[in-house]
Amino acid sequence: FSQDGARLFNGSQVFDAETGRRLTQIPGERSGYGYSWDSQGSRAVWNRGGDVQVWDKTTNKTRTLVIPEQNEFDRGMGLYSSGTCISPDGKWVSTLVSNGRSDESRVLLWNLATPGKPRAFPVLHDSGGAVSLAFSPNSKALLYTGEKRTGDTWSGQKWIGAWDVNTGRTVLNIYPEERGTLVAWSPDSRYAVVRDWNVWSLYEVATGKRVWQTPVQEKSVFNAITFTEDKKLYFYESDEKKNERYLKYWDLAKVLNKK
């Protein structure tokens, strides 16, 4: 869905979410995964394995962001990528790139207004695999989570980090107990929520302090999380044993004991 809920994108077509009427047929090759919209619903991005596709609503054209070939970045990154997202203002596009062994990762960042190669952010450790990406609602920072790995062995050391997309400066670097599989920002960009297999955690970005944590009630095999503008965190969970699916939400204001 577009962030305003008005349009639905399936990778090849755009529909009016209320009427189901097809609005646009996306031209060209459209197979892929990891679809993401900007806040105005004017651009959509998705991952195609070896490159990133950007669709522009105004022109109804797609643009290809080429992931640099192996060895273009230090330590020889390959062409496997995932976790593509676009900033709410539609200016930035980011994707995760790994060498296929998942012991080395880079986060690539494109400025759509400036042609050329992407900027490459290394993870904050000698080796590791970034797991999840999310732009802040004000489009100023990029959040990621991961777990350190050497060869085929997970070290158990997890991290949550964030960069200022304009300067590349690290604005968050913490080492939580949980391994974040999903991340999201609060609407005011003050807090980051991290979903592990066992717990939910809420962090204050400015201080890195964990301000809330609660156990996951069901063991989920598939899930997604998103914040709404009224500070409700919606998430999807599925209980494999009961064969049941749930759409739930946390009220962030109540969690923080605020009115």
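Along the sequence shown, residues are numbered consecutively beginning with 1.
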How many angstroms lie between atom [atom1] of [X] and atom [atom2] of [Y], to the nearest 0.5 angstrom?
X: Ser42; Y: Ile86; atom1: OG; atom2: CD1; result: 7.0 Å
X: Gln53; Y: Thr64; atom1: CD; atom2: OG1; result: 3.5 Å
X: Lys254; Y: Lys232; atom1: NZ; atom2: NZ; result: 7.5 Å

With sequence neighbours left out, what residues match [X] under salt bridge (charged side-chain N to carboxylate O under 4.0 Å, His left out)?
X: Asp164; answer: none
X: Lys61; answer: none
X: Asp16; answer: none

By side chain to side chain donor-acceptor pair (under 3.5 Å), which residues pair with [X], not counting sequence neighbours?
X: Arg63; value: none
X: Asn60; value: Trp55
X: Thr24; value: none

* Flag the pair Leu109 / Trp163 as yes when at least one side-chain heavy-atom distance between them is below 4.5 Å, and no otherwise. =>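 Heavy-atom side-chain distance check fails, nothing below 4.5 Å.
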* Is the Trp250 ring parallel, tilted or perpendicular to the Trp200 ring (thresholds 30°, 60°)? -> perpendicular
Which residues satisfy the side chain to side chain contact (heavy atoms under 4.5 Å, CB included) test with [X], sequence neighbours excluded?
X: Thr207; answer: Glu204, Lys209
X: Thr58; answer: Asp56
X: Lys91; answer: Ser87, Asp89, Asn111, Asn166
X: Ser186; answer: Asp188, Arg190, Tyr191, Phe227, Leu252

* To do: Is it possible for you to say whether Leu233 and Trp212 belong to one hydrophobic cluster, with membership spreading through side-chain heavy-atom contacts below 4.5 Å?
  =>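 Yes, same cluster.
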* **Common cluster, Val171/Val193, ILVMFWY with side-chain heavy-atom separation under 4.5 Å** => no
* Asked: Who are the ring pair (Phe, Tyr, Trp, His ring centres under 6.0 Å) partners of Trp92, not counting sequence neighbours?
  -> none
* Partners of Phe15 by ring pair (Phe, Tyr, Trp, His ring centres under 6.0 Å), sequence neighbours excluded? ->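 Partners of Phe15 by the ring pair (Phe, Tyr, Trp, His ring centres under 6.0 Å) criterion come out as none, since no residue qualifies.
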* **Residue Lys140 excluded, over 12 heavy atoms near NZ under 6.0 Å** => no
